[in-house]
Peer 1: 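First, the structure itself, so that you have it in front of you.
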Amino acid sequence: MVLHGPNLNLLGTREPGVYGTTTLADIDRQVGERAAARGATVECHQSNVEGELVNRIQEARGRAQAIIINPAAYTHTSVAIADALRAVGLPAVEVHLSNVHAREPYRHGSFVAPVCVGTIGGFGARGYGLALEAVLDLLEEKSTS
Ligand code: DQA
């Protein structure tokens, strides 16, 4: 399951100097194609509402094998999203388009990072594909060990 947080529905026109010009629909299509090439499927959701993201994370239990999440601004504020990820216990990868560590200090902290397998940031839209490859490798490793 791929989850996108607030304002990511505006990708393409939102601060293109920071986030690039790829739209969210393009990202979802690209990640879907990349998953299909490896025999996997993805379900993508975006919400501007914290509780809706929590609901999606809870729904992932029993439906998805892993979560790729860009919590956007909630990265830096949301105990609820981190708790939901912890509760479902699925392997999760945190993605950011921008390199948050090279930006304002209030973007340097993440409530989500400690409950994720890892974080990919600073590579723009291609970060989602990198996260997908990483998580599929991980699931394959687990299934053969
Ligand atoms: C972001 C970084 C966050 O700090 C910001 O609030 C976003 C997008 C990123 O993908 O670079 O909305 O998660």
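Keep in mind the model is a prediction, meaning the values are calculated, not measured. Counting starts at 1 for both ligands and their atoms, in listed order. Residue indices begin at 1 and follow the sequence shown. Heavy-atom basis, side chains included; hydrogens, waters and symmetry copies ignored.
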Peer 1: Do any heavy atoms of R14 fall under 4.0 Å from ligand 1?
Peer 2: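 Contact present.
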Peer 1: Look at atom 11 (O) of ligand 1 and say which protein heavy atom is nearest, naming residue and atom and giving the distance to 0.1 Å.
Peer 2: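 Closest protein heavy atom to atom 11 (O) of ligand 1: S98 OG, 2.6 Å.
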Peer 1: What residue and heavy atom of the protein are closest to atom 2 (C) of ligand 1, and at what distance?
Peer 2: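 Going atom by atom, the protein heavy atom closest to atom 2 (C) of ligand 1 ends up being V100 CG1, 3.6 Å.
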Peer 1: With heavy atoms under 4.0 Å as the rule, classify the contact between N70 and ligand 1 as side chain, backbone, both or neither.
Peer 2: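 Looking at N70 and ligand 1, just side chain atoms fall under 4.0 Å.
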Peer 1: Return the closest protein heavy atom for atom 9 (C) of ligand 1 as residue, atom name and distance.
Peer 2: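 Sorting protein heavy atoms by distance from atom 9 (C) of ligand 1 puts L97 N, 3.4 Å first.
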Peer 1: Could you tell me the residue and atom name of the protein heavy atom closest to atom 7 (C) of ligand 1, and the distance to it rounded to 0.1 Å?
Peer 2: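 In this structure, atom 7 (C) of ligand 1 has Y19 OH, 3.5 Å as its nearest protein heavy atom.
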Peer 1: Tell me which part of H108 gets within contact of ligand 1: side chain, backbone, both or neither, using heavy atoms under 4.0 Å.
Peer 2: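 No part of H108 comes within reach of ligand 1.
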Peer 1: If you have a sec, work out which protein heavy atom is nearest atom 1 (C) of ligand 1 and how many Å separate them, to one decimal?
Peer 2: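 For atom 1 (C) of ligand 1, the nearest protein heavy atom comes out as H96 ND1, 3.7 Å.
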Peer 1: Hey, what's the ring geometry for H101 with H108, parallel, tilted or perpendicular (30° and 60° as the breaks)?
Peer 2: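 Tilted, since the angle between the ring planes falls between 30° and 60°.
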Peer 1: Considering only non-hydrogen protein atoms, determine which one is nearest to atom 5 (C) of ligand 1 and report residue, atom name and distance to 0.1 Å.
Peer 2: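 Nearest neighbour among protein heavy atoms for atom 5 (C) of ligand 1, to 0.1 Å: R107 NH1, 3.3 Å.
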Peer 1: So, for H96 and Y128, is the gap between ring centers shorter than 6.0 Å?
Peer 2: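 H96 vs Y128: aromatic centres not under 6.0 Å.
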Peer 1: Among protein heavy atoms, which lies nearest atom 4 (O) of ligand 1, and at what distance?
Peer 2: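 Ranking protein heavy atoms by distance from atom 4 (O) of ligand 1, first comes H76 NE2, 2.7 Å.
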Peer 1: Between ligand 1 and V95, is the shortest N or O to N or O distance under 3.5 Å?
Peer 2: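 V95 vs ligand 1: no N/O contact under 3.5 Å.
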